[in-house]
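A quick note: this is a predicted structure, and the numbers were derived from the prediction, not measured. Any value given below was found using the heavy atoms of this structure, including those in side chains, with hydrogens, waters and symmetry copies removed.
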Amino acid sequence: MSGQGYARENVAMSDRAMTDKDVLAVYDLHKHYPLPRESLFREAGRVYALNGVDLRLGAAGSLGIVGESGCGKSTLARLVMGLEVPTAGRVEILGRDIAAMQGAELRHHRRHFQMVFQDPFGSLDPRQKVGRIVAEPLHVLGGSDAAQRAEMVAAVLEQVGLRASDRDRYPHEFSGGQRQRIAVARALITRPALIVADEAVSALDVSVQAQVLNLLRDLQEEHGIAYLFISHDLGVVDYLCEEVAVMYLGRIVERAPAKALFAAPLHPYTRALLEAVPRPEPGRRARMVLGGSVPAQTGRGRGCVFAGRCPRAAARCRGEEPPLIGHGDGHFAACHFPGDFSG
Amino acid sequence: MSMQQAQPASLLSRLTRGNGFWARALRHRSFLAGGFLSLLLVLMAVVSAFWTPYDPTKMNFRLRFAPPSAEHWLGTDHFGRDLFSIILTGAQNSILVGVVSVAIGLSFGVALGLLASARRGMTEELVMRFSDFAFAFPAILLAVMFVAALGPGSANAILAIGVYNIPVFARLSRGAANAVWTREYILAARTAGKGRLRITIEHVLPNILPVIIVQATIQFALAILAEAALSYLGLGAQPPAPSWGRMLSEAQTLIYKDPMLAVYPGLAIALSVLGLNLLGDGLRDIIDPRLSRRR
Amino acid sequence: METVLEADRLTVTLQTAAGPARAVRDLSFSLQRGRCLGIVGESGCGKSMTALAIMGLLPEGAHTAGRVLLHGEDLLALDDARMCAIRGDRIAMIFQEPMTSLNPLHRIGDQVGEALRLHKRMGRREAWEKALFLLERVGIPDPHRRIGQYPHQLSGGQRQRVMIAMALANEPDVLIADEPTTALDVTIQRQILDLIQDLAAETGMGLILISHDLGVIAENADDVLVMYGGMVVEQGSSEAIFRRFAHPYAQGLFAAIPKLGAGRDTRLRTIPGTVPDIADLPPGCPFQNRCPRAEAVCAVTVPPMERVGEGHRAACLFLDKAEAGA
Amino acid sequence: MSVFLFKRLLTFLVTLLAASMLTFAALELLPGDPALVILGIDASPDAVAALSREMGFDQPAWLRYARWIGGLLQGEFADSYTYKVPVWELIRDRLIITVPLAVFAMVLTTIFAFLLGIYAASRHNRPGDVLVMGFSQLGIAVPNFWLAILLIVLFAVKLGWFKSGGFPGWDAGFWEALKALLLPAIALATVQGAILARFTRSSLLEVMREDFVRTARAKGLSRRAVLWRHVLRNALIPVVTIMGLQFASLLAGTIVVENVFAIPGLGRLIFQSIGNRDIVVVRDVVLMLAALVVAINFLVDLLYAVIDPRLKAHDI
């Protein structure tokens with residue numbers, strides 16, 4: 001790697017050391033979207049995608065976000081990446097509020113947080129060569145010449161298990177797994193402190209998915225990157241993350257170290273989610289089955305968001321919203337009757 | 001692997017194997033036919049710029065309505081002019097019309113479409129309403145109005161057709177660009193910190209280019225048709241400039257005398273338009289990303 | 001036990017841009033009344049083509065060989081008119097995408113009732129009544145309102161219930177469910193699988209469940225086919241197979257799944273390389289280039305199915321090496 | 001009232017307004033003094049000035065625009081310079097020829113296109129499909145006025161079955177009049193029919209690839225039944241848009257074809273008025289045609305709500 005490359009890396013490192021804060025901190029994040037108006041005489045509706053989310057993620061940590069479609073996990077990813085502006089609340093990366101930054105300042109700060117997307121076929125521009133795709137974040141940063149970039153691209157391609165010569169090929173010449181490696185290489189090239197991965201392996205075949213998962217784990221160990229890993233697949237999250245947050249209707253209903261969460265969930269939704277996962281063992285198991293489906297995010301009622309589907313729901317659940325409270329050892333749950341699944 | 005172990009093959013079969021653009025193009029029969037006809041049109045225009053068998057404007061009253069012969073391949077018209085020479089020269093006019101009017105539509109239309117797609121909201125609404133409005137004037141009506149206002153002539157006809165092309169390309173490129181904007185690689189570019197203008201130039205434009213090229217060939221063909229109609233009405237190319245459309249209006253007055261006069265120019269228009277349409281449709285098939293992408 | 005459906009050396013050849021491709025090769029199985037046969041494999045392994053071949057709904061230009069016997073009648077030999085009489089009546093199918101598998105312009109009731117009017121010659125009113133009953137039976141809340149609605153007014157899970165109601169309308173002998181829950185959330189997935197299982201048990205039909213998810217297959221199937229590159233590589237009862245995978249691919253696939261609760265202390269075993277393109281399969285064993293056991297002979301010999309245990313067979317030349325690998 | 005309808009209606013009105021402004025502005029550019037045109041090149045300057053004042057040519061443009069539109073809204077039309085009668089009378093007499101001609105052509109187009117399009121789609125990639133599509137490709141390439149001339153050569157000159165042009169008027173009897181419109185309608189419909197046939201075919205083929213078609217086949221419906229019961233209506237949605245635009249092209253196309261057949265319709269009127277520099281007629285007729293086109297597109301939008309249940313509840 002060139003001298004300047006090292007210099008930049010050092011700047012990044014000292015940046016990180018100086019702030020000495022969480023890589024990612026999310027404070028009371030809300031995001032509402034207006035719905036298109038249907039009638040002249042009625043108010044336009046709203047989608048309540050996020051309703052007060054708090055998160056912290058330390059350096060080299062890994063936080064998994066799980067939940068079903070419509071729980072707000074992808075909205076969270078977009079807000080963390082500064083692709084959208086929160087309705088309320090704040091996203092801080094390395095101690096700096098990203099909504100407060102603009103133009104060159106934000107563009108420069110972006111090298112500390114990168115993203116890996118779900119669709120290995122859609123996330124790479126089909127008309128650009130791999131070398132150009134991977135170097136994209138560098139292009140935006142500026143301050144490097146073509147030779148330096150080529151060197152860094154070669155290095156990072158090899159890190160993700162591709163060949164340096166692959167930079168002259170087009171995305172369609174690669175398989176799904178290889179494309180996802182290219183996407184990881186692009187995220188990696190600025191040596192970020194945080195990588196946000198939104199369903200990064202869910203489009204891959206199982207045999208290929210395992211390769212990418214192992215790659216992500218190795219990269220974290222080598223470079224001390226923090227992951228915000230969003231997935232609907234609990235097994236994948238369990239494999240990759242130290243801590244897991246479960247989301248339902250735009251809120252975090254439970255958060256805990258992965259081991260604790262999967263061994264002894266406190267929220268009935270987490271329990272139902274865990275038990276619903278089919279396991280590759282012969283025979284059927286007894287399980288808690290939820291009725292109904294996730295309700296629309298267009299209304300906001302009182303009480304617990306999960307009350308409508310919860311087998312344990314009592315009158316209190318419908319009237320009073322349970323806060324996310326700690327139950328020791330970093331285990332938080334938003335439930336009036338944590339750990340009580342009789343019902 | 002199978003490529004290497006193939007037995008020695010002719011150049012053609014080697015060219016047409018595989019999945020590259022040219023290989024697929026050479027296998028596509030209507031694309032080839034379209035390409036041939038379009039090339040012929042260009043060739044006619046180029047050749048006639050330097051050489052024609054006879055001066056296409058030179059009259060010869062002793063040789064009126066001559067039948068096709070070795071000297072005059074298609075015969076002569078009511079002024080004794082060599083038909084073949086006129087038809088040949090008429091290609092220049094058609095090419096000019098197509099190139100200029102498509103260029104006008106392309107440059108303004110694509111810019112508007114990309115702008116609408118990049119800005120969304122009010123800008124998009126405005127551009128779309130503008131093109132809705134422009135669609136209220138079908139090409140010929142718009143051209144008639146233009147020509148009524150500015151006076152008949154080739155330049156005004158071309159301008160009118162060009163203006164008509166603007167909303168066509170605006171609409172098309174906005175639709176295609178909107179589809180591109182939803183792709184994840186755009187999100188990736190945004191997370192890298194690229195602005196809307198930069199994304200439009202570096203990602204959106206290259207990805208909608210195939211669609212635009214295809215439409216450009218189709219609009220080229222439509223421009224030739226529209227100009228021919230205007231010239232037929234006497235609103236386009238003025239005498240003595242050779243124009244296929246005007247030849248037809250002259251021929252119509254003579255259909256009892258020599259119906260063949262009405263055949264050649266019409267055939268020239270139809271074959272040019274056919275060629276361009278086949279070319280455009282073929283391109284669409286060949287460039288189609290669903291075929292070029294192998295999962 | 002009564003055999004309802006039997007496949008005998010079923011082979012499907014597709015016409016692709018890169019030339020003919022054998023999507024399914026020499027596939028054989030038999031399905032008993034009231035049993036569930038699971039077909040599992042990754043993308044492009046031929047599992048969906050198998051289903052479409054049984055239904056006679058292969059894409060244009062596809063060829064079939066072998067036999068598919070429904071109550072002893074060879075479906076592959078039937079012309080389309082005869083096949084139409086069987087489809088939707090004796091064999092029905094549920095597809096993966098509930099969002100796009102319903103006609104957006106027809107009401108739910110009409111779509112569910114269509115198969116009844118077609119095969120049972122019911123009138124409009126009678127079919128509508130029966131459709132209402134079916135919607136109730138598949139657990140659609142408020143069926144009286146839903147029956148008159150259009151697909152876009154229903155959620156994904158409800159649409160999949162509608163699909164099930166449609167498939168079950170004529171109480172078929174065989175139901176094929178191709179990735180019926182892949183597009184659905186995990187809690188909904190459970191509901192739908194349970195519903196299919198219960199209805200199958202109730203009516204005694206044979207069920208073919210196709211999935212890429214070993215978990216879904218393990219929990220729902222009685223018998224299992226593991227497919228790779230268009231071929232069955234392992235086949236047997238669910239119990240036997242999930243107790244001990246014999247084929248190196250099946251073993252690798254199982255090892256590559258992150259198990260819930262295993263956490264970060266373990267490391268996933270991976271299969272090197274990538275899922276093959278059926279248009280570009282090597283001669284010999286389709287798995288040879290990714291296989292840890294592969295030897296020179298694998299490149300030239302298509303391995304036959306060999307017995308591994310009671311009702312458990314696998315197609316590998318080096319099954320004895322399996323013990324070491326597993 | 002739904003936002004969809006409201007927006008469409010607003011667009012409709014705004015488009016009409018813009019069209020009138022554009023038409024007015026364009027004709028403002030017309031070189032030459034209209035008064036001079038009316039009185040002839042030899043007229044005395046005094047007479048020209050007097051006429052200008054009388055006809056209001058000396059007033060500011062916005063005032064004349066307001067008068068023009070105000071008059072139209074009250075049903076008052078200015079007099080044509082050349083015919084010396086209110087423009088409405090001219091338009092009225094020609095509207096009853098041009099609109100029937102366009103409708104006639106549209107009917108032929110639709111019949112043509114649906115028959116061929118459905119036939120081709122149901123024989124996708126087989127000889128019938130290739131043949132029909134080849135012919136339609138030819139049909140699109142043929143200029144309608146050339147086809148018109150060829151039709152005259154064949155049916156009027158060679159065979160003598162039809163007159164080479166002219167229109168006897170509806171007084172001559174319905175069938176007689178229709179017969180006079182047949183060749184022009186065919187000339188117009190061939191090109192549009194070929195375009196619509198291709199579009200219908202590709203729309204059908206696209207819908208045939210949809211998942212719900214496979215569902216219908218899995219129910220036991222034959223290919224033919226699926227085509228009629230499931231594919232056709234879905235495929236019609238985009239086809240209807242094209243048909244709206246096509247009717248507009250047909251209306252405009254009459255300008256050319258009426259001239260080939262010397263049919264005294266709007267097209268011929270507008271063409272002659274341009275020659276006569278009769279601005280009043282040109283602008284009224286252009287606005288008339290534009291209004292018809294916009295109105296048709298508005299109706300097409302409304303038609304969607306009938307065909308597509310997804311549109312009733314919500315739209316952008």
Side-chain angles (χ1 to χ4, degrees), chain B residues 30 33-34 37 125 128-130 132-152 218 221-222 224-226 228-230 232-235 244-245 248-249 251-252 255-256 259-263 265-278 281, chain D residues 11-12 14-16 18-19 22-23 25-31 133-134 137-138 140-150 152-154 156-158 164 191 198 245 248-256 259-260 267 270-271 273-275 277 279 282-283 286 289-294 297:
Chain B
S30 66
L37 286 172
E125 193 72 11
M128 288 321 287
R129 291 296 81 86
F130 157 74
D132 271 354
F133 157 66
F135 275 115
F137 295 91
I140 201 84
L141 187 61
L142 190 79
V144 161
M145 245 177 63
F146 248 80
V147 174
L150 303 175
I218 309 257
L222 283 177
I224 291 180
L225 277 176
L230 285 175
Y232 168 81
L233 290 175
L235 304 175
W244 295 339
L248 279 173
S249 78
Q252 197 193 346
I255 46 175
Y256 286 94
M260 286 315 279
L261 283 186
V263 171
L267 213 56
I269 300 171
L271 286 179
S272 308
V273 173
L274 179 69
L276 286 161
N277 280 340
L278 287 176
D281 283 2
Chain D
T11 310
F12 173 61
V14 169
T15 308
L16 270 188
L22 182 77
T23 311
L27 296 178
E28 277 296 295
L29 298 174
L30 194 68
M133 283 306 105
Q137 197 59 274
L138 268 176
I140 294 174
V142 170
N144 55 17
F145 61 95
W146 182 49
L147 184 64
I149 295 172
L150 292 183
I152 293 173
V153 171
L154 181 64
V157 179
K158 300 271 184 217
S164 66
V191 182
R198 292 183 74 83
L245 292 173
S249 309
L250 285 176
L251 268 178
T254 57
I255 297 177
V256 186
N259 277 295
V260 184
I270 199 175
F271 179 67
S273 301
I274 289 173
R277 299 243 159 259
I279 316 173
V282 176
R283 78 178 175 206
V286 167
L289 285 174
L292 271 173
V293 171
V294 181
N297 286 326

Residue part contacting chain B, namely of D:T23, when any heavy atom lies under 4.5 Å: both
Which one wins on heavy-atom pair count under 4.5 Å against chain D: B:L235, B:L230, B:I269, B:V263? B:V263
For D:F271, give me all partners under ring-ring contact (aromatic ring centres under 6.0 Å, His included), at least two apart in sequence or on another chain. none
Please say which of D:L245, D:T15, D:T11 ends up in a side chain to side chain contact (heavy atoms under 4.5 Å, CB included) with D:N297. D:L245
B:L248 versus D:I149, closest heavy-atom pair with distance: O-CD1, 3.9 Å
Check whether D:V260 gets within reach of chain B through its side chain, its backbone, both or neither, counting any heavy atom under 4.5 Å. both
Among B:V273, B:L276, B:L274, B:L233, the residue with the most heavy-atom pairs under 4.5 Å to chain D is B:L233
I'd like to verify something: which residue of B:L271, B:L267, B:I224 has the highest number of heavy-atom pairs under 4.5 Å with chain D? B:L267
Examine whether an atom of D:L22 lies under 4.5 Å from a heavy atom of chain B, and if so say whether it belongs to the side chain, the backbone or both; otherwise answer neither. both
For D:N259, side-chain hydrogen bond (donor to acceptor under 3.5 Å, both in side chains) partners two or more places apart: D:R268
Contact origin within B:A228 toward chain D - heavy atom pairs under 4.5 Å: both
Identify the heavy atoms of B:A229 and D:V256 that sit nearest to each other, and give their distance. CB-CG2, 4.1 Å
Of the backbone (N, CA, C, O) and the side chain (C-beta and beyond), which part of B:L222 lies under 4.5 Å from a heavy atom of chain D, both, or neither? neither
Value for CG (B:L278) from CD (D:Q137), rounded to nearest 0.5 Å, stands at 4.5 Å
